[in-house]
Amino acid sequence: MRFDNHRVVITAAGRDFGRTLALQLADLGAEIFLSARSIAAAECVRDEIRDRGHQQVHAFACDLTDSASIRDFAASVALHTDHIDLLVNNGSRYLEGADLLSASDSDVIDTIASGATGTVLTVKNFLPLLLNSDKPDVVTMVSACGTAGHQRSDAHDAFYAAKSAQAGFAEILSKRLRPQGVRVISLYPPDFDNTDPLSEEWENTPRGAKDALTAQSLVECILFAVAQPRDCFIKAFHFEQV
């Protein structure tokens, strides 16, 4: 499926999976509005996309722990377009450490604020633009850590808390936004391999049954869900952990 008629907002797209998704959707024709905490990081990915021949890409700074920054991001996007078709909540700080005492109070606050509060406020501020679309979708990159009973990650308890909050938010949001035609799609991946999509390894990454989940497969899950007819509400993708 081509995405030539899609306008897409992606948070935390300055590196890792956010960057991967921005590059892939741009290659498929989407107009991309990407953010990163640092404007330099966002502009770097914007320039990578432009170097591939795609000019419909815009870079913004957005700190997901700062409500004013989120509002400014949404307002800036609204200066370019009257609607968006896809919002990808990719941003969430990772915090490692199986010992609750291993993280500072500020690290805990930052982790929960970026993943939980940041996700809620991002959807809230972009919802008016989504409701102007005839094909609105919200995709949230949660994590296996947001699944009840999951305990296989070495992530800090605060990260588990943030991801559980995202999961609960997406669950109720799916129910409440369906009457307005907005689909809410959540992905719950374990740790996965995120090969640089501009490298030779991208096409050669092992993707067998015994291999770790790949960014390629996550991108394809998102594309599959968004490409479905509007009566098909795929709420979540859950993955086996190797």
Side-chain angles (χ1 to χ4, degrees), residues 2-3 6-65 69-70 73-74 76-77 80 84-96 110-111 114-115 118-119 122 126 137-143 159 162-163 166 185-205 207 212-226 237 239:
R2 293 285 301 176
F3 281 76
H6 269 76
R7 296 176 181 178
V8 181
V9 170
I10 307 173
T11 63
R15 59 186 176 89
D16 299 335
F17 185 71
R19 170 179 173 268
T20 294
L21 187 59
L23 287 162
Q24 293 296 296
L25 283 169
D27 281 351
L28 292 171
E31 181 173 1
I32 306 295
F33 300 87
L34 63 91
S35 76
R37 180 172 285 196
S38 128
I39 188 60
E43 289 176 342
C44 181
V45 177
R46 177 201 64 190
D47 293 344
E48 286 182 312
I49 291 173
R50 288 180 176 174
D51 288 345
R52 294 172 67 79
H54 312 302
Q55 300 307 308
Q56 289 188 308
V57 55
H58 317 270
F60 306 89
C62 181
D63 181 348
L64 293 171
T65 68
S69 181
I70 295 171
F73 176 31
S76 297
V77 171
H80 293 271
I84 61 170
D85 305 301
L86 173 60
L87 169 63
V88 181
N89 294 306
N90 175 67
S92 179
R93 175 182 171 179
Y94 179 74
L95 186 62
E96 187 174 9
D110 191 63
T111 300
S114 66
T119 298
T122 297
F126 278 101
D137 290 308
V138 176
V139 170
T140 302
M141 294 297 296
V142 186
S143 164
F159 183 77
K163 291 302 176 178
Q166 280 186 325
I185 304 156
S186 300
L187 280 75
Y188 293 80
D191 292 340
F192 61 91
D193 292 336
N194 186 46
T195 305
D196 185 344
L198 302 184
S199 70
E200 293 182 0
E201 288 77 17
W202 178 257
E203 297 297 335
N204 301 315
T205 301
R207 298 177 67 184
L213 182 66
T214 62
Q216 290 94 319
S217 291
L218 293 176
V219 170
E220 288 170 13
C221 285
I222 293 171
L223 300 182
F224 172 79
V226 173
F237 289 91
F239 305 87

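Between Phe192 and Phe239, the ring center distance fails the sub-6.0 Å criterion.
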Side chain to side chain contact (heavy atoms under 4.5 Å, CB included) assessment of Thr20 paired with Trp202: CA-CA 10 Å; Thr20 294; Trp202 178 257; 3.6 Å; yes

Side chain to side chain contact (heavy atoms under 4.5 Å, CB included) evaluation trace for His6 with Leu28: CA-CA 10 Å; His6 269 76; Leu28 292 171; over 6 Å; no

Worked verdict on Leu187 versus Val139 for side chain to side chain contact (heavy atoms under 4.5 Å, CB included): CA-CA 8 Å; Leu187 280 75; Val139 170; 4.0 Å; yes

Evaluation steps, salt bridge (Lys or Arg N to Asp or Glu O under 4.0 Å), between Asp16 and Arg93: CA-CA 12 Å; Asp16 299 335; Arg93 175 182 171 179; over 6 Å; no

Working for side chain to side chain contact (heavy atoms under 4.5 Å, CB included), residues Tyr94 and Thr111: CA-CA 7 Å; Tyr94 179 74; Thr111 300; over 6 Å; no

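Summarising the geometry, atom OG belonging to Ser217 is positioned 3.5 Å from atom CZ belonging to Arg207; distances are rounded to the nearest 0.5 Å. Here CD of Gln55 is found 10.0 Å from CZ of Arg46. Values are rounded to the nearest 0.5 Å. Rounded to the nearest 0.5 Å, atoms CG (Leu87) and CD1 (Ile185) are 11.0 Å apart. A distance of 8.5 Å separates NE2 in His54 from CG in Leu23, rounded to the nearest 0.5 Å.
The residues Asp137 and Arg7 are annotated as not salt-bridged, no charged nitrogen and carboxylate oxygen being separated by less than 4.0 angstrom. Arg50 has no carboxylate O lying under 4.0 Å from a charged side-chain N of Glu43, or vice versa, which leaves the two without a salt bridge.
The shortest heavy-atom contact between Gly115 and Ser92 is CA-OG, 3.4 Å. Shown here for Asp27 and Arg2, the closest heavy-atom pair between the two residues is O-NH1, 3.1 Å. In terms of heavy-atom proximity, Val142 sits nearest to Ser186 at CG2-CB, 4.0 Å. Minimum heavy-atom separation, Phe237 to Ala225: CE1-CB, 3.8 Å. For the pair Pro189 and Leu213, the tightest heavy-atom approach, listed with the atom from each and the gap, is CB-CD2, 3.7 Å. Of all non-hydrogen atoms in Gly91 and Leu64, the two that sit nearest each other are CA-CD1, 3.6 Å.
Formation of a donor-acceptor pair under 3.5 Å by the Thr205 side chain with backbone atoms of Glu201 is found in this model. At distances below 3.5 Å, not a single donor-acceptor pair connects side-chain atoms of Ser35 with backbone N or O atoms of Ala61. One N or O on the side chain of Lys163 and one on the backbone of Met141 form a donor-acceptor pair closer than 3.5 Å.
Side-chain contact between Ile49 and Val45 is present, with at least one heavy-atom pair separated by less than 4.5 Å. In this structure, the side chains of Leu86 and Val9 stay at 4.5 Å or more apart for every pair of heavy atoms. Looking at Val226 and Phe3, their side chains come closer than 4.5 Å, going by heavy atoms from C-beta outward. Two residues are said to be in side-chain contact when any heavy atoms from C-beta on lie closer than 4.5 Å; Phe33 and Ile10 fail this criterion. Residues Phe17 and Val219 are in side-chain contact: their nearest non-hydrogen atoms beyond the backbone lie under 4.5 Å apart.
Here the options are Asn90, Asp196, Asn194, the test is side-chain hydrogen bond (donor to acceptor under 3.5 Å, both in side chains), and the partner is Arg19; only Asp196 passes. Considering Leu25, Val57, Leu21 in turn, Val57 is the only one that fulfils the side-chain contact (heavy atoms from CB on, under 4.5 Å) rule with Leu34.
In this model, a donor atom of one side chain and an acceptor atom of the other lie less than 3.5 Å apart for His58 and Glu31. Of the N and O atoms on the side chains of Thr119 and Gln166, at least one donor lies less than 3.5 Å from an acceptor on the other residue. Side-chain contact annotation: Thr140 with Asn89, donor-acceptor N/O pair under 3.5 Å present.
Counted within 6.0 Å of CZ on Arg15, heavy atoms from surrounding residues, nucleotides or ligands total 12 or fewer; the atom is thus considered open.
The aromatic rings of Phe73 and Phe60 sit tilted relative to each other, their planes meeting at an angle between 30° and 60°.
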